Amino acid sequence: MSRRLDPTLPARLREMGLMDNSKCFNCGHCTAVCQLTEEGFAYPRQDIRMLQMGLGDALTERVEPWLCYYCGDCTKSCPRDANPAEQMMALRRYLTAAYDWTGLAWKFYTSKAWEIGVLLGLALIVVGLFVVPHLLHPGQIQWEPLDGGVAVSSFAAVSWVHLGDMVMLGLLSFLLLSNIFRMGRRILGAARVPIPITLYLSEAWHLVTHFATQRRFGKCNDKEAYWVVHLMLMSGYAIMFLLVIVFLSSLQTDVGLNWTTLPGYFATFALLYASAYFLRGRWQKSAEVNRYSTFSDWLFPALLFATSLTGILMHIFRYYLTWPAGTYVMYVIHMAIVVPMLMVEVPFSKWSHLAYRPFAIYFANIRSKALQAAQKTQPGSLGVPPAVSNALEV
Amino acid sequence: MNPQRIGVYVCWCGSNIAKIVDVEKVARVMARIPGVEVSREYKYMCSDPGQELIMKDIKELGLDRVVVASCSPRMHEPTFRKTLKLAGLNPYMLEMANIREHVSWVHENQELATAKAINLTRAAVHRVMVHAPLVQHEVPVNRATMVLGGGITGMTAALRIAGQGRKVYLVERSDELGGRAIGVGRAGPHMNSVAALLDNLTTRVNDSAYIDVLTGTVVGEVSGFVGNFLVRLANGTRELTVGAIVVATGTQPFDAKKLHRSGYGRFPNVVTSTQFEEMAASGRFTTESGKAPRRVAIIHCVGSRDSETHSYCSRTCCMDALRFSNILRDALPDAAIYQAYSDMRAFGRDAEEFYARTAERDVTFLLFDKLLPPTVSEAPAGDPYPLLVTMDEIATGIAIEVPADLVVLMVAREACSDAKDVAKLVSISVDKDGFFIEKHPKLDPAATTTDGIYIAGSCQGPKDIPDCMSQAGATAARVLAAITMGKVKVPATTATVNEDLCVGCQTCISVCPYGAVIYLDKHRVSRVEEVICKGCGTCAAACPAGTISPRHFTDNQVLQQLEGLLAAEEG
Amino acid sequence: MSYEPKLVAFLCNWCSYTGADLAGTSRTKYSESVRIVRVMCSGRIDPTFVLKAFREGADGVLISGCHPGDCHYHEGNYKALRRYHLLTPYLVQMGIEPERIRLEWVSASEGNRFAQIVDEMTATLRTMGPSKVQATMANYA
Amino acid sequence: MENWEGSPSGASSTARQSPVRPETLVIGGGIAGIQAALEIANAGEKVYLVEKSGTIGGHMAMFDKTFPTLDCAACILTPKMVEIAQHPNIDLLTLSQVTAVDGAPGNFSVTVEKKARQVTEADCIGCGMCAEQCPKSVPSEFDAGTGMRKAAYIPFPQAVPNKYLIDRENCLYAKNGKCKLCVGACPANCIDLDEEDATVSIAVGNIIVAVGFQVFDAARAENFGYGRFDNVITSLEFERLVNASGPTGGVLSLAVRDKRKRRVFLPESPKPEQVAIIHCVGSRDCNHNQWCSRVCCMYSLKFAHLVKEKLPDCEVFEFYIDMRAFGKGYEEFYDRIRGEGVHVVRGRTATVEGSGSKLKLRTEDIVNARLLEQELDMVILSVGLEPNAQAGELARMLGISVDHNKWFIESSMGAAPTETSNAGIHLAGACQGPKDIPDTVAQASDAAARVLRSILHGRAEPPLGSLLPRPGTTAVPALDQRSES
């Protein structure tokens, strides 16, 4: 079956912030310098060629864009100054949008107005959710400090907040997983062979480890530091996630510090440091990865930084200044940042990469193994894509 | 027979020869051979005193033959021939024995080396005994020139040659000058105006008092040889006498109809590069339906690099295709432009840069294996575009189809259908593709194996305009040289026929690589056109009657040499 | 003194003779047995030359010209090749072992190759001993 | 009144009317210079051929075989070199460089610096005793450093003039006033170690610039490891290694280290079993030279053939981007090589690394979208062509133009490749842009034709460029033609 070319694809990617896709003359230098290229997974040359040709449909079946961690070696030595690494970044944006059935990802990548608008809208709703009930039923808020704390629950009842958390968790999981499901369908569909169910399970472990560690990252040239920070970020997320979703009651007590405090501190520090690290990088344009930054590249670390900062302030007001008013206000601000951030970034934008990458590897390996199995049974029966000879080294 | 008076001169070459070869002994032995008047050795025969010595002997002892035993004749034969000439002896009465490169520098055993030196020198003595004086003939050169073909190449050649007392007949088959360049707007990475160049050349050619433009003219017959050709024009009785002929008949475009897969002739929206040039000239790019094309596919190597049509590369199409893309982009800013290519041959000055800049104007390149070229077919009903170009895109490994409403075929440039006739006319040869064969593919690309006949431009192989003009100039250099010298030298060492003994079997004619031997029906014998003969001697080796032989390498001379070479050891 | 064969080499002027000169200028040593006769083209080499050489007491004959395609006169070397193939059986009939005649392509830059061929052939001839053909041919005459 | 073309009117009537001296200066003794000089001399006109080095022949003399016919370069070049030496109309000035040019078209006065050969050409008999005795040996330029030569040397056996010379940079006597061994050794006593450089001034009517090219310095492309690994060699080094007159007598063998830790090539050394040929080294690369060097594809294919010819069992790889086999018989040659079992792989090599005794390169085989990590024991870098280092300076001296890459540029792009903005100065060969031998020769003869015309007419021919409109205007970004002169 032959594929049709879509001449509009490059233009669409330029809308998503790709500078230029025309310089590449397809010599394969980039693929050969890439430290991560391996048997069966040669990139970025082929992906760039497909981009130039307008094979968007075929691209959605490729995992390679997710295997690139933007070390920039290819861009540094490209004989045509075609900036392959940036092409791959653009392709990741394109794929995020392509897998997203809501079409919001596309809107966010192509229009600042949309992204900011949605963020502000969500922020207002959050503020509303806190303020309106108290306007309707005044007098519930306790303005007097307690001994060694603030009666936060009088302002925001744990049960309600917990409910909100749950709703958001459900919503986000649904959006993210539905997109990832669509991704899986494209990638595995390309194998055009039956996928044994057992593979889904046997490969699941790699999914977890990759998600937690993003370990392929470490194979890039001089990216170890970068990788450590990423690891930090991930642990920060994980701890905060547990504290907020599972142990909210212990996290949001009215008086005194408790066992959640130390992990809380670590998580907060991790998130603050990591976001600061990324912002600084983009600001100084130190590494290749930071040479070109789109609006969304800036937005995520910025919001993350703000989240951590407001969280810390609230904590100080609450336990060290025991200043109820400040605490409540900061609580609202904190929520008005973190909720929109998660809603926009997790399913539709930057943050989703953290999920797409491990899943791409997961699906790729399933596909490889399935193809290998099929090859054993009926050799040479495989058409497109070229048979993957072995699974991604992990 | 008259007693010969031979002088033998053995050279020491410092110690180069003397160190290994007992030169005195060599000289001594030679002195004993009957006919040897004097035999000497000297430190440096090639040095001025050495040559003085020879000249003195020639004059005082009345030597009529000289043998010099020293270095390779390829080094000093010209030197010593000059010496003989200065002393009033025919330069061909010299024979050299190479006892340096072939003896002292390659052997260590002095005894054997000396023996060998003696043999070689004796061989030379025996040989020189049967040497005959030779004279180098010269033939006058007619100062007029005929240039065949009125394209850019032909006109350039004509302009380079023509001048006061140097008439040029510019013969063009069609009714106007310009050839394939007519209608080509611009060319090359700098988008030079071909029209302007053409106009410039045509004006100068037409204005020149020394160029006789014969359009609508075909050559009927060419006879004669270098410096003196007789040309009979097919139309009417006119005859031209010229000293040299420049063939610049160019190429013709490949007929794409021969390739079914190209879709040419079957689908109206499939055009050749030639037709596209016309579109470009008119500035109106339209599909059959009269609308401006929105998706254009340019297909490379149609009829080139393809075993079933032409295996060679047409050299200019890649750059033309890139130029077409730019022309299209200028005219149709929003159209999708595809180029299906197999290797992008952008090799000229600034060509690679031009390729890069073209790519940056949103031209999409599709790579195919030359063994699996694209196919043009009709799009299924309901498709927005009438044509589908299908191919295996080997850079992605994906079988693709490109919807298009205009397909441009970069058709090959092939030798003109009548190239073989032209070749026969001027007795030059064509290669398997019908292109004229140059004298030497490296060092003599503009000359042919027939003296006085030159080739320039694409008739020798496809070329772009600058390369054509260079080659046109190259032919001019030869023609001008011959004209200024006024005559061409005929080498003295040509073959001759002993017509009394010739049986007229014409074997010689069949083996001569230069067609230098002609058959005289009247006398039933062969005769050598000395002007054409190069003296290789192949004819002599083939002649059953032993009646044809190359001067200075006659059977007798070689046999004599062998006798001397192998004569029994003595003294 | 050990038996020293006589090898006659017919070399074309443009490639092989030049190659032999190069062997000289680069001081490549080879056997003294070889005696070189220069002809303009290997295509000039008449079978009678070869016969004459044997008759005059040569123990071996080497014919050498430009590599195929390099001939200064386009195809003289092919003609030489053809004649070589016609000549050898005839020589064999006359009692000349085929090892005594050889056709080789030597280019102007193959001085070493020329030396090597000469040495090889000399070695062969040495083992074969002197050619008896001189006597035989004398009878013919 | 008629002009030089005999046209009653027309643009060309603007031709400069200055009388033209019949002598011609040809700068550069490569094949372009040789061809141009012979064409003019054979027309009976006087030529001064000025060559920087000790012999004429240029790069072509170093080559083994020439594509696509595979005839040996020496066989076809040396006769022409000898013809130069023996030609009554040619004055050959070796070891010489043009240092000043004055005057107008038709009448230039040129100053030439002639370095002392320190061997009297007339007397030298080319015996080589001096070289035998000379204690100082240095890498041979002619062998591209694969072999050694003495300080008293002859560049190569068929050098023209076929005379030895003493290279003062390395001569011990020149350094510390001692040695003089060569003087004692010379049987023709023609060595004068105290000979001074000389300045010659000549008057000519026309000048042909044929200074050719230099090759890209492979060490600049660090990713290929030239200089780090002994068996990563350049194309010129390879030409010498397979050449019968090269350091190994044409035996293709691996580099080894001698006692003094110098890289040497010896015929008895082990032979390579896997050889890779990498195209476009320094060419088509915006990190180095953006231009295509035009000849590398073909000579690389030729290399593949030569390796196979010498070592039939050797595995040979070609790594290329586009195979530019455009000339007469070139595509057929390409087909032939592919038929010889050479692995012709489309893909630009990224890196060459050492792994133990072997080399290892990384290339994407783009047609199969696979990363090749190939083990090899010899890598040949097909280095590109660059403008001669002196081009810029020479252009200033002559008042003609070079482009932003320092290639000499003709006055009318794409029309008359030999013409400069100065009617008396002409271009020939690769100094005007990379060219293969036939194209170089054709252009050299073309330049000669223009010179002969101007002599015949006693007037310099007006450059065609002056008669043509400027290069066409089009939306394609015009190439940077900023000329620096």
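Quick note: numbers below take in every heavy atom, side chains included, and nothing from hydrogens, waters or symmetry partners. Chain letters run A, B, ... following the sequence lines, proteins first and then strands; every chain starts at 1. What you see is a predicted model, and the numbers here were worked out from it, not measured in a lab.
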| query | If you count heavy-atom pairs under 4.5 Å with chain B, which of A/Arg80, A/Gln52, A/Arg45 comes out on top? | reply | A/Arg80

| Which portion of B/Leu388 sits near chain A, non-hydrogen atoms under 4.5 angstrom | side chain

| message | Is B/Asp383 close to chain A through its backbone or its side chain, or both, or neither, when contacts mean heavy atoms under 4.5 Å? | response | side chain

Calculate, to the nearest 0.5 Å, the distance between atoms [atom1] and [atom2] belonging to [X] and [Y] respectively.
X        : Y        : atom1 : atom2 : answer
B/Met344 : A/Asn26  : CE    : CG    : 11.5 Å
B/Tyr385 : A/Arg4   : OH    : CZ    : 10.5 Å
B/Thr396 : A/Ile48  : OG1   : CD1   : 13.5 Å
A/Cys24  : B/Phe365 : SG    : CZ    : 11.0 Å
A/Met53  : B/Ile398 : CE    : CD1   : 6.5 Å

| message | What verdict does the side-chain contact (heavy atoms from CB on, under 4.5 Å) test give for B/Leu367 and A/Arg49, after you've listed the backbone C-alpha separation in whole Å, the side-chain angles of each residue and the deciding distance to 0.1 Å? | response | CA-CA 10 Å; B/Leu367 187 61; A/Arg49 183 64 158 196; 3.6 Å; yes

| task | Please lay out, stage by stage, how A/Leu55 and B/Glu393 fare under the test side-chain contact (heavy atoms from CB on, under 4.5 Å). | result | CA-CA 11 Å; A/Leu55 286 167; B/Glu393 210 287 336; over 6 Å; no

| task | Take B/Glu401 and A/Ser2, measure what side chain to side chain donor-acceptor pair (under 3.5 Å) needs, and give me the verdict at the end. | result | CA-CA 6 Å; B/Glu401 48 186 40; A/Ser2 61; 2.9 Å; yes

| request: Counting only heavy atoms closer than 4.5 Å, note whether A/Ala11 contacts chain B via side chain, backbone, both or neither. | output: neither

| field | Closest non-hydrogen atom pair between B/Asp362 and A/Arg14, with its separation | value | OD2-NH2, 3.3 Å

